[in-house]
Novice: 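The following block contains the structure, expressed as structure tokens.
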Amino acid sequence: MAEIREQGSIPVGKVQRASKFIATGAKIGGNYLKHYGKKLVNPDLSKDELHADNASDIYNSLSQLKGSALKVAQMLSMDKNLLPTAYQNQFAMAQYSAPPLSYPLVVRTFEKYFKKKPTDLFDTFSISARNAASIGQVHEATLQGKKLAVKIQYPGVGDSIKSDLAMVKPIALRMFKLNATEYDEFIQEVQARMLEEADYTLELERSMNLSRQCKEIANLVFPGYYPDFSCEKVLTMDWLEGKPLGEFLKTEKLSKSDANRIGQAMWDFYHYQIHQLKELHADPHPGNFIITNNLKLGIIDFGCVKVIPEDFYQQYFQLLERDILQNKTKLEKAFYDLRFIYPDDAAKDKKFFVEVFSHLVELLGRPFRSNEFDFDNDAYFAEVFKFGEELSNMKELRESKKARGVKHAIYINRTYFGLYNLLFDLKAKVNTTSWVPF
Amino acid sequence: MESKKKSKTQKAAVNILAAYREYVLTEGKRPATVFKFCKELGIAESEFYQQYASFDALEKSIWASFITDTRAKMEADDAYLKFSAREKILTFYFMLAEALKADRSFVLAQLSAIKTPAITPVFLRGFKAAFEEWVNGVLAEGKSTGEIAMRPYLDSKYDSLFWLHMMFILQFWAHDESAGFEKTDIAIEKSVTLAFDLIGKGVLDNALDFGKFLYQHSKN
């Protein structure tokens, strides 16, 4: 009897996952009811509490699903900088809290790909995982006195990505207030990146390539990679001593000059990739950076790399030209190129969108319009978030049947969003002209 | 002299097993008689009967050796001794899946002959006995470390539950079409985790406790 129930409960099928999402949907509905119920009694009630409830419910549900759904949650939360802060906090945690893979399955994976047990391959190998990533976990190993980080992917990640993404759709449309057209564009791009992320062989190649090309940049540290101990499910690299950026900032204090130095390294890292290499590490998440013991910036996890197509590069970065906001024809051309506006938009719509996006360009491009920008600037970020909140409540934007923006911009926007946030957390002042050719 | 003779009979047993497997796989059925089988193999019938009483006994032996070989291989590894009951069971299933993979055609041919899943077919009986013996040992250990909850009446049935679980894994694997039988690995990992959630101390005990309370209450 009990056995039959057990078999039915294995969440291998779509139905299981679907019911999970439906349960979340129902719970969110409940939270709204709770919110409006309380609001009847207390009209001053802020939406913060509601957002916090929703975020933790979605988060609880997604973190049980692990894998791609979790990643979508992270993506949605970061891409749409219009998300309330409550969501972002929950999703930032996601990186660290997926339940671990059993050791026998880790051994099984090694035997499948290397025909050896991890303990035969390395001198030592930790039985439990040291860190969890959203699609895998990290074990610590040593080989000839060297400490290594061995990342192992959960089995079946590739298979479940597509079905998970299909499941997220109804929730995403409702919770993140995206319209269906926008969502399809979004998900196409995200799916492509996520399938790439599930391929550690590709990640190995990109990690080695990008870290070699960026190694001249000051104050950066890259781990060495070990192709002999890597395969599509396992990735082995040097263990970087230090603390993940997020944790570091919570527990330790950086002097202003160190913060500036690390912030500058991060800025240079991104802009060198964007403008020189035209492909970049597109996952600026606090868990993907290590502050090493000698206060340098360690860069791990090249799972998510966005290659910038040349024509998109021209279209997108014309927004950074210094006279763009004064030159109306230039600005309008850029907006048409990037599909913020369409030739067949009604005049009223066009005016509206030009205004909204000009404001966005002015706001987000501000760091580029002076030679130096101090990200330790609460007023600036409050303005950004306030505008984000306004955007998420704009019904013209939400109800627009056309996708506003192009899909290549998703990961670039997300990168900038992450980068600005990290620099804000670091309280860094950086020279914004380095590697920027405008 | 004694040992030399023994190794010779062992070799004969291995030959018979290999020949039998091959026959079943190429012909798609059992040999008609032991006599015919022995004649084709070029051995005397008595040699066959020295090892196996019948084809049924032979099949039983093939299946039982899946368990005993896996167990021997697993227990030879020092790390295994330090594992928790959950990890032991996981390791066992993963290694068994690997061992079965080498004999997949034969295993599938045998499994497809099962008509009524409720009755354990003859060829699986030795397999079942060997499995239950092993799993009982692991469960007893788990109980002594507290990993598995003591539950009067119920906990003595766990071996049969694990047997059903084993049959589920076997059937899942038989129908698995994923590359490298990756989905079987996932099924093993998730179902064993769930099984240990159920037999570990937790919700179920509280439910039983509450049920007992209600039952006693209703009698007063």
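Sequence lines set the chain letters: A, B, ... in the order given, protein chains first and strands last, and positions in each chain run from 1.
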Novice: Measure the CG-CD1 distance between Leu105(A) and Ile186(B) for me, rounded to the nearest 0.5 Å.
Specialist: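 These two atoms lie 8.5 Å from each other.
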
Novice: Considering only heavy atoms, which portion of Glu189(B) lies under 4.5 Å from any heavy atom of chain A: side chain, backbone, both, or neither?
Specialist: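 Answer is side chain: those atoms of Glu189(B) sit under 4.5 Å from chain A.
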
Novice: Given that the side chain runs from C-beta out, which part of Phe83(B) has a heavy atom under 4.5 Å from chain A: side chain, backbone, both or neither?
Specialist: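 Contact with chain A is through the side chain of Phe83(B) alone.
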
Novice: Above 12 or not: heavy atoms from other molecules or residues under 6.0 Å from CD of Glu22(B)?
Specialist: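 No, because the 6.0 Å sphere around CD of Glu22(B) holds 12 heavy atoms or fewer from other groups.
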
Novice: I'd like to check Arg86(B) versus Ser102(A) (side-chain heavy atoms, cut-off strictly below 4.5 Å). Are they in contact?
Specialist: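 Sidechains of Ser102(A) and Arg86(B): in contact.
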
Novice: Would you say that more than 12 heavy atoms from the other residues, nucleotides or ligands in this model lie under 6.0 Å from the NZ of Lys116(A), or not?
Specialist: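 12 or below, so no.
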
Novice: Do you know which two heavy atoms are closest between Lys112(A) and Glu182(B), and how far apart they sit?
Specialist: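 Closest heavy-atom pair between Lys112(A) and Glu182(B): NZ-CA, 3.9 Å.
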
Novice: Non-hydrogen atoms of chain A under 4.5 Å away: do they reach the side chain of Phe181(B), the backbone, both or neither?
Specialist: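 For Phe181(B), the contact with chain A is made by the backbone alone.
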
Novice: Which value, rounded to the nearest 0.5 Å, describes the distance between Tyr103(A) atom OH and Leu90(B) atom CG?
Specialist: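 Here the rounded value is 13.0 Å.
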
Novice: If you count the non-hydrogen atoms of other residues, nucleotides and ligands that lie under 6.0 Å from NZ in Lys147(A), is the total more than 12?
Specialist: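 Yes.
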
Novice: Are Val107(A) and Phe94(B) side-chain neighbours, meaning at least one heavy-atom pair lies under 4.5 Å?
Specialist: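 Heavy-atom side-chain distance check fails, nothing below 4.5 Å.
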
Novice: Do the side chains of Glu98(B) and Arg108(A) get nearer than 4.5 Å, heavy atoms only?
Specialist: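 Arg108(A) vs Glu98(B): side chains touch.
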
Novice: Is there a side-chain contact between Asp77(B) and Lys117(A) (heavy atoms, below 4.5 Å)?
Specialist: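 The answer is yes; the side chains approach within 4.5 Å.
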
